Amino acid sequence: ETMDEDIYLLREGTAYVPLFLDKSVILFQDGYGNRYTNIRYIKTLVMDKPDLEKRCFEVYPEHPMLCLRACRQIGGQGAETDEEAALLERAQKELHLNPTYEKQLLSKSIAYYQRKAAAEEKGGTDLSYLLMLDKDRISKEERIGICETLVRQNYLIEAYDLMKKYGITEIGAGRRLKLCTKMILQNLFDEERFLSWLALQVFEEENADSVILDYLCQYYNGPSEKMYRILMQGIEYRVDTYDMEERLLAQMLFSGEQDRMDGVFDLYASRKKMTDSIVKAYFAVKCTDYFYNETELDGRIFEYLEGLVKNTPDRERIPTIYLLSLTRYYADQKSLSEEQKILCQQVADFLLDAGMVFPYFKRLGNFIQIPREILDKVMIQYKGDRTSRVVLRVRVLPDEEEFHEEEMRMVYKGIYIRQKVLFEGEIMEYEIYEEENGALVKKAGGEIDCKEVPAGDRGNRFSCLNSMSLFLSTKEDAKLKEAMTKYVTDNMTVEELFPLK
């Protein structure tokens, strides 16, 4: 690399070996041991004589300049034999090379052993050079290539250690699967963070086998969508899913991700021993969604609620949202069994004693005893922020022209209720405001009239009068006559049984 036109030979075609060289002094030795110095007779550059150079290298292969010249020739086309690869290695060890040039020779050496290993897929290649190599000196791409070679030649532990140290995951999909499966078995399924990461990559490439799926089901925790895919594929491969159903269900409950949650719960309930707290949390979430957002629920949930309420005499131990959901479910049914009516009455009485009353309670009057003061009134319900101030403004037409404020009581976590007596022909207009940043903001409004015959009419004089007015306005003569007869009969019965003194 440093020779220039100051280098000459004594005689063309004769093997003279350069022993020492700088830009002014040349020392040659011929085959008889004769030495010559400062010879400038024939201006023939050594590097322009390939045959001569080859002969010189054979006679004196240790000479630095000839070694460098040979390395340069190998560098152009890459090492093709073990001898050429050894020459590159010797040059790196023995010569004080420029760092850039040394790195080039190092790359050629690595490339040779990689090509050699690739040609011998079944193994057997001596990879001691690659194993002993200082990996800090080479590029990321070369490390990846070495990992590929080590895996191909079944040096799996060495490859894994290299990948773990440098965070390498970019090897080919097939080799990543081979390495990952081997290391899981090698570690006897012990948890390791890098191995979990590697296993997840194999899974996302759709290359996971039963070993990797078993490992992921046992240890992986991450986004619910990925956990769900791992769980479903694990079930398909019939591997042990350990407690993944429970972990995933708990995560969905905590994060509010309800997509696919019912399916996960079904798997959890069918495959594993259930944890009571997880089951209660699941039903609390489902009941809350049903009660607040009026979403439809599977009938099995209400079967569970019925069983839970029946087997828990102390109602205070049961979450209130369970009781509310069960009674609302009963209110929407066309009929109830006698056993359900008894249970519904018990739960409704408990809620009423706690001061909870909702519009759907009036429909329960079709099945159970509901207090008359509830049946006689219309109700306004509003769902808002439990920490905000809610203001109700109403006016009853045709008598009132101006709106006035009335109290709206929060009966349960953000649910506000107002009950009011209306007679047939009266219309109550209302506006609901909620305080935001110190100002009242209108959130809802509407009107309510009294055109519905109260459910479960139990002889209340108010409901009878209201019903007669309603039937009169709708010209339902038969129902009007029936209501009038009942009203007179009930009054006469009361006077006979409870005379005033």
Side-chain angles (χ1 to χ4, degrees), residues 287-288 290-295 320-321 323-334 336 344-345 347-386 388-400 403-434 440 442-467 469-470 473:
C287 287
T288 300
Y290 169 75
F291 190 75
Y292 278 89
N293 302 323
E294 301 182 1
T295 57
T320 302
I321 193 64
L323 303 177
L324 293 173
S325 297
L326 183 60
T327 52
R328 179 175 173 267
Y329 171 74
Y330 284 155
D332 292 335
Q333 302 308 301
K334 294 181 179 180
L336 297 180
C344 182
Q345 186 72 66
V347 174
D349 290 344
F350 176 81
L351 294 173
L352 289 171
D353 289 343
M356 297 184 194
V357 58
F358 301 89
Y360 73 84
F361 274 32
K362 298 177 73 173
R363 299 199 302 276
L364 289 176
N366 294 318
F367 310 119
I368 62 174
Q369 293 284 346
I370 296 295
R372 292 174 179 175
E373 60 268 23
I374 294 177
L375 297 174
D376 291 343
K377 297 175 182 178
V378 297
M379 293 189 202
I380 301 172
Q381 176 175 295
Y382 171 70
K383 300 171 186 176
D385 189 338
R386 72 177 70 180
S388 297
R389 175 172 167 250
V390 175
V391 175
L392 172 66
R393 292 177 179 172
V394 302
R395 68 177 179 181
V396 179
L397 302 176
D399 297 329
E400 298 179 349
F403 283 91
H404 62 276
E405 288 188 9
E406 293 190 3
E407 178 187 7
M408 203 168 193
R409 187 170 65 91
M410 184 170 67
V411 296
Y412 184 73
K413 300 179 180 180
I415 299 181
Y416 297 82
I417 296 293
R418 177 62 180 175
Q419 303 180 66
K420 196 166 183 70
V421 175
L422 287 183
F423 290 94
E424 196 282 324
E426 291 183 330
I427 298 175
M428 181 175 67
E429 294 182 349
Y430 66 92
E431 296 175 343
I432 299 175
Y433 294 81
E434 193 169 344
L440 291 177
K442 184 177 179 180
K443 294 293 186 177
E447 61 180 36
I448 298 177
D449 56 23
C450 187
K451 290 187 177 180
E452 178 183 358
V453 178
D457 191 345
R458 306 300 179 184
N460 188 335
R461 293 179 65 187
F462 172 81
S463 64
C464 284
L465 291 171
N466 231 16
S467 297
S469 298
L470 178 60
S473 64

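Bear in mind the structure is a predicted one, so any value in this text is a computation, not a measurement.
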Run the side chain to side chain contact (heavy atoms under 4.5 Å, CB included) test on I374 and L352 for me, step by step, so that the C-alpha distance in whole Å, both residues' side-chain angles and the decisive distance to 0.1 Å come before the verdict.
CA-CA 10 Å; I374 294 177; L352 289 171; 3.5 Å; yes
Apply side chain to side chain contact (heavy atoms under 4.5 Å, CB included) to the pair I432 and V390, showing each step before the final yes or no.
CA-CA 7 Å; I432 299 175; V390 175; 3.8 Å; yes
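Between T327 atom OG1 and F291 atom CZ the span is 6.5 Å, to the nearest 0.5 Å. Distance CD1/I321 to OG1/T288: 4.5 Å, rounded to 0.5 Å.
Partners of E406 according to the side chain to side chain donor-acceptor pair (under 3.5 Å) rule, which considers only residues two or more places apart in sequence or in another chain, are H404, R418, K420. In terms of the side chain to side chain contact (heavy atoms under 4.5 Å, CB included) criterion, residue partners of T295 (sequence neighbours excluded) are, by chain and number, D289, Y290, N293, L297. R328 pairs by the salt bridge (Lys or Arg N to Asp or Glu O under 4.0 Å) definition with nothing, not counting sequence neighbours. With sequence neighbours left out, Y430 forms a side chain to side chain donor-acceptor pair (under 3.5 Å) with no residue at all. Evaluation of the side chain to side chain contact (heavy atoms under 4.5 Å, CB included) rule for E429 yields R395, L397, F403, E447 as partners, not counting sequence neighbours. Here D399 pairs with nothing under the side chain to side chain donor-acceptor pair (under 3.5 Å) rule; sequence neighbours left out.
Here the side chains of R409 and I417 are not in contact, with every heavy-atom distance at 4.5 Å or above. You'll find the side chain of Q381 reaches within 4.5 Å of the side chain of I415, heavy atoms only. R393 is listed as a side-chain neighbour of L440, based on a closest heavy-atom distance under 4.5 Å. Taking 4.5 Å as the limit, some side-chain heavy atom of M356 sits within range of a side-chain heavy atom of T320. When side chains are defined from C-beta on, Y330 does not count as touching Y360, because their heavy atoms never get closer than 4.5 Å. In this structure the side chain of L326 never reaches within 4.5 angstrom of the side chain of C287, judged on heavy atoms. Side-chain contact between I448 and M379: absent, with no pair of heavy atoms (C-beta onward) separated by less than 4.5 Å.
Ring-plane geometry between Y412 and Y292 is classed as tilted, the angle between the planes lying from 30 to 60 degrees on a 0 to 90 degree scale.
Between the side chain of K362 and the backbone N or O of I370 there is no donor-acceptor pair closer than 3.5 Å.
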